[in-house]
Amino acid sequence: DAGVTQSPTHLIKTRGQQVTLRCSPKSGHDTVSWYQQALGQGPQFIFQYYEEEERQRGNFPDRFSGHQFPNYSSELNVNALLLGDSALYLCASSLTRQGANTGELFFGEGSRLTVL
Amino acid sequence: DQQVKQNSPSLSVQEGRISILNCDYTNSMFDYFLWYKKYPAEGPTFLISISSIKDKNEDGRFTVFLNKSAKHLSLHIVPSQPGDSAVYFCAATQGGSEKLVFGKGMKLTVNP
């Protein structure tokens with residue numbers, strides 16, 4: 001049973017460029033959340049996708065956008081990259097059931113983005 | 001303003017002894033708390049959780065205690081094992097949301 005998979009694992013970009021990160025959720029899961037983890041910090045919630053729509057959003061600018069596909073996989077796009085966007089980007093999946101959300105997320109290994 | 005705080009960045013204990021990891025929160029609306037463990041080059045993995053209607057939850061060697069009046073929770077690991085060496089994150093949420101607010105993490109080292 002495949003867990004959460006993310007790609008690429010590492011990438012380097014320069015300021016002003018755009019990046020797309022990809023995530024496949026754990027088998028059977030339908031909800032994908034994205035978190036940013038800067039060095040020495042805990043993960044910070046970016047947004048969550050369910051039924052191909054953004055369901056919740058954290059305190060991130062519009063340069064951060066996402067998408068969820070019919071097969072539940074998801075992409076995170078960041079435009080006009082800044083040096084401060086350098087971080088580990090974590091994807092987490094879960095199964096949305098009415099009244100049964102527990103906050104127990106399954107995380108991937110992350111995509112480490114370096115912006116030069 | 002950090003809503004979930006793990007004030008000690010690291011802890012070192014001997015194998016077999018108790019490890020106590022602490023976490024404080026400021027948002028009184030939080031009603032569900034979780035601990036995640038993270039090994040290097042891996043994503044965080046869920047360890048244990050507690051609802052605000054309880055003050056204790058136990059799962060094997062892991063016990064989480066919640067003191068709502070003090071807005072404080074702690075994770076006890078007894079006995080500690082070298083394989084427990086990892087970074088531990090405290091997280092909180094409210095109203096069944098999966099928008100978790102994490103602390104900065106604490107690195108636990110269990111020495112053989």
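Each chain gets a letter, A, B and so on, in the order the sequences are listed, and its residues count up from 1. FYI, side chains are in, hydrogens and waters are out, and symmetry mates aren't considered; it's all heavy atoms of this structure.
Other residues, nucleotides and ligands contribute more than 12 heavy atoms inside 6.0 Å of the CZ atom of R61(B). Within a 6.0 Å sphere centred on CZ of R57(A), heavy atoms belonging to other residues, nucleotides or ligands number more than 12. More than 12 heavy-atom neighbours from other residues, nucleotides or ligands sit within 6.0 angstrom of NZ on K68(B).
F107(A) and F46(B) have their aromatic ring centers separated by at least 6.0 angstrom.
When the heavy atoms of residues 102-112 of chain B are compared with those of chain A, the residues falling under 4.5 Å are F102(B), G103(B), K104(B), listed by number. At a heavy-atom cut-off of under 4.5 Å, chain B is reached by no residue from residues 5-12 of chain A.
The most heavy-atom pairs under 4.5 Å with chain A, out of Q6(B), K38(B), K99(B), Q2(B), come from K99(B).
Closest of all the heavy-atom pairs between Q41(A) and F89(B) is O-CE2, 4.1 Å. Of all heavy-atom pairs spanning S97(B) and Q56(A), the tightest one is OG-OE1, 2.9 Å.
In the hydrophobic cluster analysis, where Ile, Leu, Val, Met, Phe, Trp and Tyr join through side-chain heavy atoms closer than 4.5 angstrom, Y88(B) is grouped together with F30(B).
Atoms OH and CD, on Y32(B) and E104(A) in that order, are 7.5 Å from each other to the nearest 0.5 Å. Taken to the nearest 0.5 Å, the OH atom of Y35(A) stands 3.5 Å off from the CG atom of L100(B).
Using a 4.5 Å cut-off on side-chain heavy atoms (C-beta onward), L105(A) and Y36(B) make contact.
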